[in-house]
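One-based numbering along the sequence shown.
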Amino acid sequence: MKKILIIEDDPQISSLVQKGLSEENFETKIANNGLKGLDEFHFWNPDLIILDIMLPGLNGLQVCSKIRETSQIPILMLTALGTPENVALGLDSGADDYLPKPFKFIELNARVRSLLRRIENQASNGSTLFQFDDLVIDDDRKTVTRNGNPISLTSTEYRLLLLFVMNPRKVLSRMDILEDVWGVDFESGTNVVDVYVNYLRKKLMQFGGSKLIHTVIGMGYVIREEE
C-alpha cells in the first residue's frame, strides 16, 4: 500500500483528500503545518507528498526546497494561487505537479497515480546514466557535468534537460514539454518553456562547448549537435 503525506492546514480540505485517498487504498497521514510536515516526511517515509503552499510556520515552497535537499519524492502542490507565475514558482522550488484550488478529487487522484507511475517507470528503466555529446547526466545522483565540469540546475531545469537527453535529435513541441516536465495545464500563451530553455542554455554554455538545445521555428526545441 502506497503511503501519501498530506501537508495542509485547512481541515476540510485535508479531511476530504484523506477520505478519498483512503477509499482508493492509499495509506495517509495529515500534517497541518510545515514543520510537522517535515517531521512526518523524515520519520514516516511516504511515497508521495500533497503539499499546500499557504502553511503556518514554514510555507509550502520552503518545505518543498528542504525536502529536495535530500529526496526526489513526488510532490503535488495544492494552492489557491493558480496564476502561471505562481505555478512556475512552485514548480521551481522542486514540485512535480501543481493543482489549483478548488479542485475535484477525481483530478487529484489522477495526478497522484500519474506521479506514482512516473516514478515506477523510472525505477524499472534500469539505466540511470545518460550522455549526449560532452554532457553527462547521472540520474541516480541527480548530477550533470559537461566536459567534466559540474553544472548546478534547479529541479525544473534538471527535468527539462533529462527530457531532451532522453529524446536526442527529436523535436519536442512546447505542449509536449509542458506535459512531460510540468505535468500541468498552463494557459496556451504562457512562455514558461521558452524562459526555462533560455535558463538551461546559459548554464550549459558557461563552460564553453557547442550549442546543444536548438529552436525549430514554429515547432519547438531539439537537442542535437551543431551543424
Rounded to the nearest 0.5 angstrom, the CD1-CG distance for Ile137 and Leu161 is 4.0 Å
Taking the side chain as everything from C-beta on, heavy atoms only, tell me whether Ser155 gets closer than 4.5 Å to Arg159. yes
With a 4.5 Å heavy-atom cut-off, do Phe41 and Ile73 have their side chains touching? yes
key: Ser14 (side chain) donor-acceptor with Pro11 (main chain) under 3.5 angstrom   = yes
Between Lys3 and Trp44 (side chain of the first, backbone of the second, donor and acceptor by atom type, cut-off under 3.5 Å), is there such a pair?
yes
May I ask you to test the Val136-Val144 pair for a side-chain heavy-atom distance under 4.5 Å?
no
Between the CG atom in Asp97 and the CE atom in Met77, the distance rounded to the nearest 0.5 Å is 11.0 Å
Correct closest heavy-atom pair for Asn33 and Ile7 would be O-CG2, 3.7 Å
- Lys/Arg-Asp/Glu bridge criterion (N-O < 4.0 Å) met for Lys36, Asp39: no
In terms of hydrophobic clusters joined by side-chain contacts under 4.5 Å, are Ile75 and Leu35 together?
yes
CG (Leu135) and CD1 (Ile151) are apart, to the nearest 0.5 Å, by 6.0 Å
Side-chain heavy atoms under 4.5 angstrom apart, residues restricted to Ile, Leu, Val, Met, Phe, Trp, Tyr: same cluster for Leu16 and Ile53? no
So Thr145 and Phe207, do their side chains get closer than 4.5 Å, heavy atoms only? no
**Message:** With heavy-atom distances below 4.5 Å as the criterion, would you say the side chains of Phe164 and Ile177 are in contact?
**Reply:** yes
Taken to the nearest 0.5 Å, the spacing of Lys2 NZ from Thr28 OG1 works out to 15.5 Å
For this session: Verify the distance criterion only: is there a donor paired with an acceptor across the side chains of Thr154 and Arg68 at less than 3.5 Å?
Result: no
Heavy-atom nearest pair, Leu61 first then Ser93, reads CD2-OG, 3.7 Å
The residue among Leu51, Asp96, Asn59 that forms side chain to side chain contact (heavy atoms under 4.5 Å, CB included) with Cys64 is Leu51
When rounded to the nearest 0.5 Å, the distance separating CG of Asp134 from OG of Ser210 is 6.0 Å
Q: For the pair Ser114 (side chain) and Ala110 (backbone), establish whether a donor and an acceptor sit closer than 3.5 Å, ignoring hydrogens and angles.
A: no
Quiz item: Side chains of Asp9 and Asn32: donor-acceptor distance under 3.5 Å anywhere?
Solution: no
Rounded to the nearest 0.5 angstrom, the OG1-CG distance for Thr143 and Asp138 is 4.5 Å
Nearest heavy-atom contact between His214 and Arg224 is NE2-O, 3.2 Å
### Task
Flag yes if Val216 and Leu212 sit in one hydrophobic cluster, no otherwise; membership is Ile, Leu, Val, Met, Phe, Trp, Tyr, and two members link when side-chain heavy atoms are under 4.5 Å apart.
no
Between Leu21 and Ile50, is any pair of side-chain heavy atoms under 4.5 Å apart? yes
(Q) Regarding Lys203 and Glu157, does a basic nitrogen lie under 4.0 Å from an acidic carboxylate oxygen? (A) yes
Q) Any chance NZ of Lys170 has more than 12 other-residue heavy atoms, nucleotides or ligands included, within less than 6.0 Å? A) no
Across all chains, not counting sequence neighbours, the ring pair (Phe, Tyr, Trp, His ring centres under 6.0 Å) partners of Phe132 are none
Can you list the steps and then say if Thr215 with Arg201 is a side chain to side chain contact (heavy atoms under 4.5 Å, CB included)? CA-CA 11 Å; Thr215 303; Arg201 280 173 172 164; 2.8 Å; yes
- [ ] Measure from the side-chain N and O atoms of Arg146 to the backbone N and O of Leu204, and report whether any donor-acceptor pair falls under 3.5 Å.
- [x] yes
For this session: Tell me, yes or no, whether the heavy-atom count around Phe103 atom CZ, taken from other residues, nucleotides or ligands under 6.0 Å, exceeds 12.
Result: yes
Problem - Carboxylate-amine/guanidinium proximity below 4.0 Å for Asp10 and Lys101 - result: no
Could you check if a side-chain atom of Gln18 sits within less than 4.5 angstrom of a side-chain atom of Phe26, using non-hydrogen atoms only?
no
Looking only at heavy atoms, the pair that brings Thr156 and Val181 closest together is O-CG1, 4.1 Å
Pair Leu78, Leu108 - check side chain to side chain contact (heavy atoms under 4.5 Å, CB included), show working. CA-CA 9 Å; Leu78 298 180; Leu108 180 140; 3.9 Å; yes
### Salt bridge Glu40-Lys29, side-chain N to carboxylate O under 4.0 Å
yes
- Task: Side-chain contact test, heavy atoms from C-beta onward, threshold under 4.5 Å: evaluate it for Tyr221 versus Leu172 and give yes or no.
- Result: no
**Item:** Glu23 side-chain N/O to Gly20 backbone N/O, donor-acceptor pair under 3.5 Å
**Value:** no
Is any side-chain N of the basic residue among Asp194 and Arg174 closer than 4.0 Å to the acidic one's carboxylate O?
yes
Checklist line | Residue Met205 excluded, over 12 heavy atoms near CE under 6.0 Å | finding: yes
Q.
Within a 6.0 Å radius of atom NZ on Lys19, are there more than 12 heavy atoms belonging to other residues, nucleotides or ligands?
A. no
- Query: So, Tyr158 and Asp139: side-chain donor and acceptor under 3.5 Å apart, yes or no?
  - Reply: yes
Here the pair of heavy atoms bringing Leu55 nearest to Glu8 is CD2-CA, 4.0 Å
